[in-house]
Amino acid sequence: QPQLVESGGGWVQAEGSLKLSCVASKTTYSVACMGWFRQAPGKEREGVAAIATNNGRTFYADSVKGRFTISQDNAKNTLYLQMNSLKPEDTAMYYCAADDIPSICWNLEPRSFGYWGQGTQVTVSS
């Protein structure tokens, strides 16, 4: 199974930007779907964005549409999440995840993803 390592988190003021990266230990073509999830203290883990690795189709949670962009660089086995216009409610631990089943991409359901990174913290101050 792929090992996933996130980076790029940090502290930023509201309306600022951050770009998260997730490096996979094996080619991203070998997994069907990759995504970003987040979990704030006291809340359940929720889906943020996902991408089907074979065709690049993307899926977003309503709360981040128009602000976040998921992308992949297959040559570098890397997944990205560009986050713009950040809000305090975006504060959370952000996780990279992947799975071999392509049909799970659309619903951003954390329980459907089998491979997970350790997470990177994003803190947005008002």
Quiz item: Is the distance between the ring centroids of Trp36 and Phe68 less than 6.0 Å?
Solution: no
Quiz item: Would you say Met93 and Tyr115 are hydrophobically clustered, going by side-chain heavy atoms of ILVMFWY under 4.5 Å?
Solution: no
Practice problem: Report, as yes or no, whether the 6.0 Å neighbourhood of atom CD on Gln118 holds more than 12 heavy atoms from other residues, nucleotides or ligands. | Solution: no
Self-check item: Residues Asp90, Lys87: salt bridge by 4.0 Å N-O rule
Solution: no
Practice problem: Using the rule that two of Ile, Leu, Val, Met, Phe, Trp, Tyr join whenever any of their side-chain heavy atoms come within less than 4.5 Å, decide whether Val5 and Leu18 are in one cluster. | Solution: no
Self-check item: Exercise: do Asn84 and Ser17 side chains pair donor with acceptor under 3.5 Å
Solution: yes
Self-check item: Residue pairs involving residues 106-123 (criterion salt bridge (Lys or Arg N to Asp or Glu O under 4.0 Å); sequence neighbours excluded)
Solution: Glu109-Arg111
Quiz item: Would Arg45 count as a cation-pi partner of Trp116, with NZ or CZ less than 6.0 Å from the six-membered ring centre and within 45° of the ring normal?
Solution: yes
Self-check item: Rounded distance [0.5 Å steps], CG in Asp99 versus SG in Cys105
Solution: 9.0 Å
Quiz prompt | Student check: side-chain heavy atoms of Leu81 and Thr69 closer than 4.5 Å | solution = no
Quiz item: Under 4.5 Å between side-chain heavy atoms, hopping through other hydrophobics if needed: is there a path connecting Met34 to Phe37?
Solution: no
Quiz item: How far does OG1 of Thr123 sit from CD of Gln13, to the nearest 0.5 angstrom?
Solution: 13.0 Å
Quiz item: So do Ile51 and Leu79 actually touch side chain to side chain, heavy atoms under 4.5 Å?
Solution: yes
Practice problem: Considering non-hydrogen atoms only, spot the tightest contact between Ile104 and Asn107 and give its length. | Solution: O-OD1, 2.9 Å
Exercise. Locate the shortest heavy-atom distance separating Val64 from Val48; write the atom from each residue and the value.
Key: CG2-O, 3.5 Å
Practice problem: Would you kindly confirm whether Tyr60 and Met83 end up in one hydrophobic cluster when ILVMFWY residues are joined by side chain heavy atoms under 4.5 Å apart? | Solution: yes
Quiz item: So, for Arg38 and Glu46, which heavy atoms are closest and what is the spacing to 0.1 Å?
Solution: NE-OE2, 2.6 Å
Quiz item: Taking the side chain as C-beta and beyond, is there a heavy-atom pair between Pro102 and Cys33 under 4.5 Å?
Solution: no
Exercise. Output the distance between atom OG (Ser126) and atom CD (Glu15), rounded to the nearest 0.5 Å.
Key: 11.5 Å
Exercise. Hey, could you give me the OH/SG distance between Tyr94 and Cys22, rounded to the nearest 0.5 Å?
Key: 15.0 Å
Practice problem: Using a 4.5 Å cut-off on heavy atoms from C-beta on, say whether the side chain of Ile70 contacts that of Gln82. | Solution: no
Quiz item: Mind checking whether Val122 and Leu20 have side chains closer than 4.5 Å, heavy atoms only?
Solution: yes
Quiz item: At their closest point, which heavy atom of Ala14 faces which heavy atom of Pro88, and how far apart are they?
Solution: CB-CD, 4.2 Å
Quiz prompt | Note, Lys19 side chain near Tyr80 side chain (heavy atom, < 4.5 Å) | solution = yes
Quiz item: Checking Arg57 side chain against Thr53 main chain: does a donor-acceptor pair fall under 3.5 Å?
Solution: no
